[in-house]
Amino acid sequence: MPGGTRLFRWRARDNRSDPRRRARRGTSGGEVTHLRVGWHHDVSGDPVLLYSELDAARHEIRKVEVYRDGRGDRAGPGEATGSTRLGSEPVPESAEIAAQPEFTPEPISAEVFETAWRAAGMNALATQFTASFEERCGYRPDVNRVVLATAPAKGFSGELAVLYDVVREVSLPDVGNGYFIHAPEMVLLGIQGDSPTRLIGTVEDSIVVFGSDGGGGLFALSMSGRGVYRLADGSFFARGAPYDGGDVTVVAPDIGRFLDFLGAELAG
């Protein structure tokens with residue numbers, strides 16, 4: 001297995017790579033870069049995607065690992081979830097990684113990495129939330145989960161392209177009235193007319209619906225840069241009809257902060 005080679009020691013999971021022993025190197029100067037590596041294998045217990053934030057010497061500052069089932073863990077200064085740890089050696093150059101056929105490296109933007117970091121953090125919060133739910137509430141929880149993508153979805157641009165490059169879907173039925181980020185196929189159907197694509201009345205804008213809540217509300221991204229809207233009772237509008245309900249609120253200035261909002265709701 002590649003984990004025993006020098007090339008792959010940056011994925012080390014031993015105590016030497018405990019994130020609490022590693023200061024945030026990128027703050028001391030030099031370029032911070034971001035890398036995603038696909039790992040092609042048939043081992044059920046190992047991740048299939050590795051996200052790394054690297055300092056100028058290619059030491060990992062933060063890391064996210066995504067498993068075949070969509071679970072994500074992360075490690076950074078002072079924290080680690082699951083068995084993910086920062087590597088004990090600098091990450092090799094992409095050409096050296098790509099020389100082994102089981103790896104496919106690609107540079108990614110800071111926005112893509114931050115989305116993966118947020119999603120993995122939400123995954124840990126969802127696990128903690130579910131584990132303590134029955135004791136707190138007196139009945140068994142539904143399935144609350146954050147599913148990271150193992151391959152990017154096509155057909156999106158801008159903030160939605162970043163979101164669906166990283167996230168498959170979010171289902172949090174037991175948090176408040178319930179919060180959901182829809183799977184990309186559902187969002188694309190919405191763009192084609194299954195969901196409102198325009199706001200009229202008190203607010204006028206073009207939108208893409210990408211989520212919902214358990215109270216009939218829809219979450220939609222403004223196409224004019226106004227942030228993420230909540231459309232009260234938006235789920236009850238006829239297919240293809242614009243939303244003219246009037247009860248439109250901005251819940252986050254962008255999708256990244258919307259993920260932070262969901263994380264805060266999970267943390268309670």
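Every value quoted in this text rests on a predicted model; they were computed, and no experiment measured them. Because only heavy atoms are used, hydrogens play no part in the values below, and waters and symmetry mates are left out as well, while side chains stay in.
In the hydrophobic cluster analysis, where Ile, Leu, Val, Met, Phe, Trp and Tyr join through side-chain heavy atoms closer than 4.5 angstrom, Ile191 is grouped together with Val228. In terms of hydrophobic clustering, with Ile, Leu, Val, Met, Phe, Trp and Tyr side chains grouped at heavy-atom distances under 4.5 Å, Leu218 and Leu172 are assigned to different clusters. Hydrophobic clustering of Ile, Leu, Val, Met, Phe, Trp and Tyr side chains at less than 4.5 Å, counting indirect connections, keeps Met186 apart from Ile207. Val162 and Phe261 fall within the same hydrophobic cluster, where Ile, Leu, Val, Met, Phe, Trp and Tyr residues are linked whenever their side-chain heavy atoms come under 4.5 Å apart, directly or through other members. In the hydrophobic cluster analysis, where Ile, Leu, Val, Met, Phe, Trp and Tyr join through side-chain heavy atoms closer than 4.5 angstrom, Ile108 is grouped together with Leu163.
Looking at Leu148 and Leu49, their side chains never come closer than 4.5 Å, going by heavy atoms from C-beta outward. Glu114 places a side-chain heavy atom less than 4.5 Å from the side chain of Arg62. Between Val166 and Val112, the closest side-chain pair of non-hydrogen atoms falls below 4.5 Å. Using a 4.5 Å heavy-atom cutoff, the side chains of Met223 and Val208 are in contact. Two residues are said to be in side-chain contact when any heavy atoms from C-beta on lie closer than 4.5 Å; Glu169 and Arg145 meet this criterion. For the pair Val37/Ser52, no side-chain contact is recorded, criterion being any heavy-atom separation below 4.5 Å from C-beta on. Side-chain contact between Phe219 and Leu231 is absent, with no heavy-atom pair separated by less than 4.5 Å. The shortest distance between side-chain heavy atoms of Leu199 and Val248 falls below 4.5 Å.
The shortest non-hydrogen separation linking Ala75 to Thr84 is CB-O, 3.6 Å. When every heavy atom of Ser83 is checked against every heavy atom of Tyr67, the shortest pair comes out as OG-OH, 3.8 Å. Across every non-hydrogen atom of Ser235 and Gly217, the tightest pair is OG-O, 3.9 Å. Nearest heavy atoms, Ile200 versus Pro242: CD1-CG, 3.8 Å. Residues Arg85 and Ala80 share a closest heavy-atom pair of NH1-CB, 3.4 Å. Val143 approaches Pro173 most closely through the heavy-atom pair O-CD, 3.3 Å.
Distance CD/Glu79 to CG/Leu86: 9.5 Å, rounded to 0.5 Å. In this structure, CD1 in Ile255 is found 12.0 Å from CG in Asp260, a value given to the nearest 0.5 Å. How far CE of Met122 is from CZ of Phe129: 12.0 Å, rounded to the nearest 0.5 Å. Interatomic distance, Asp174 CG to Cys137 SG, rounded to the nearest 0.5 Å: 7.5 Å. Note that the CG atom of Leu50 and the CG atom of Asp46 stand 9.5 Å from one another [nearest 0.5 Å]. Note that CG of Leu125 is 11.0 Å distant from CG of Leu262, once rounded to the nearest 0.5 Å.
Salt bridge Glu93/Arg58: present, at least one basic N to carboxylate O contact under 4.0 Å. Looking at Asp213 and Arg230, a side-chain N of the basic residue comes within less than 4.0 Å of a carboxylate O on the acidic one, giving a salt bridge. Between Arg71 and Glu65 no salt bridge is recorded (no basic side-chain N to carboxylate O distance below 4.0 Å).
In this structure Ala151 satisfies the side chain to side chain contact (heavy atoms under 4.5 Å, CB included) test with no other residue, sequence neighbours excluded. Applying the salt bridge (Lys or Arg N to Asp or Glu O under 4.0 Å) test to Asp254 and every residue at least two apart in sequence or in another chain returns Arg257. Residues passing the ring-ring contact (aromatic ring centres under 6.0 Å, His included) test with Tyr139, sequence neighbours excluded: Phe133.
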Check against side chain to side chain donor-acceptor pair (under 3.5 Å), His40 and Thr104: CA-CA 8 Å; His40 316 296; Thr104 302; 2.7 Å; yes
From CA spacing to verdict: side-chain contact (heavy atoms from CB on, under 4.5 Å), Ile181, Tyr164: CA-CA 10 Å; Ile181 291 179; Tyr164 286 112; 3.7 Å; yes
Trace of the side-chain contact (heavy atoms from CB on, under 4.5 Å) decision for Leu221 with Leu160: CA-CA 8 Å; Leu221 180 66; Leu160 288 170; 3.8 Å; yes
Intermediate values then yes/no, side-chain contact (heavy atoms from CB on, under 4.5 Å), Val147 and Val167: CA-CA 6 Å; Val147 182; Val167 174; over 6 Å; no
Trace of the ring pair (Phe, Tyr, Trp, His ring centres under 6.0 Å) decision for Phe210 with Phe258: CA-CA 11 Å; Phe210 69 93; Phe258 180 73; 5.4 Å; yes
Tyr243 vs Arg198, side-chain contact (heavy atoms from CB on, under 4.5 Å): CA-CA, chis, key distance, verdict: CA-CA 6 Å; Tyr243 179 85; Arg198 289 186 300 125; over 6 Å; no
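Between the Lys63 side chain and the Tyr51 main chain, no donor and acceptor come within less than 3.5 Å of each other. Thr249 places no side-chain N or O within 3.5 Å of a backbone atom of Val251 that could act as its donor or acceptor partner. Under a 3.5 Å cut-off, the side chain of His41 and the backbone N or O of Pro47 do form a donor-acceptor pair. Between the Thr81 side chain and the Arg74 main chain, a donor and an acceptor come within less than 3.5 Å of each other. Looking at Asp55, its side chain never comes within 3.5 Å of a backbone N or O of Val32 through a donor-acceptor pair.
Judged as a salt bridge (Lys or Arg N to Asp or Glu O under 4.0 Å), the pairs with a partner in residues 156-166 (not counting sequence neighbours) are, in order, Arg36-Asp165. For residues 119-132, every residue pair satisfying the side chain to side chain donor-acceptor pair (under 3.5 Å) rule, not counting sequence neighbours, is listed here: Ser132-Arg136. Listed by first and then second residue, the side chain to side chain donor-acceptor pair (under 3.5 Å) pairs involving residues 176-197 are Arg168-Glu185, Tyr179-Glu265, His182-Ser212, Asp194-Arg239 (not counting sequence neighbours).
Judged by distance alone, the side chains of Asp205 and Tyr229 do bring a donor and an acceptor atom under 3.5 Å apart.
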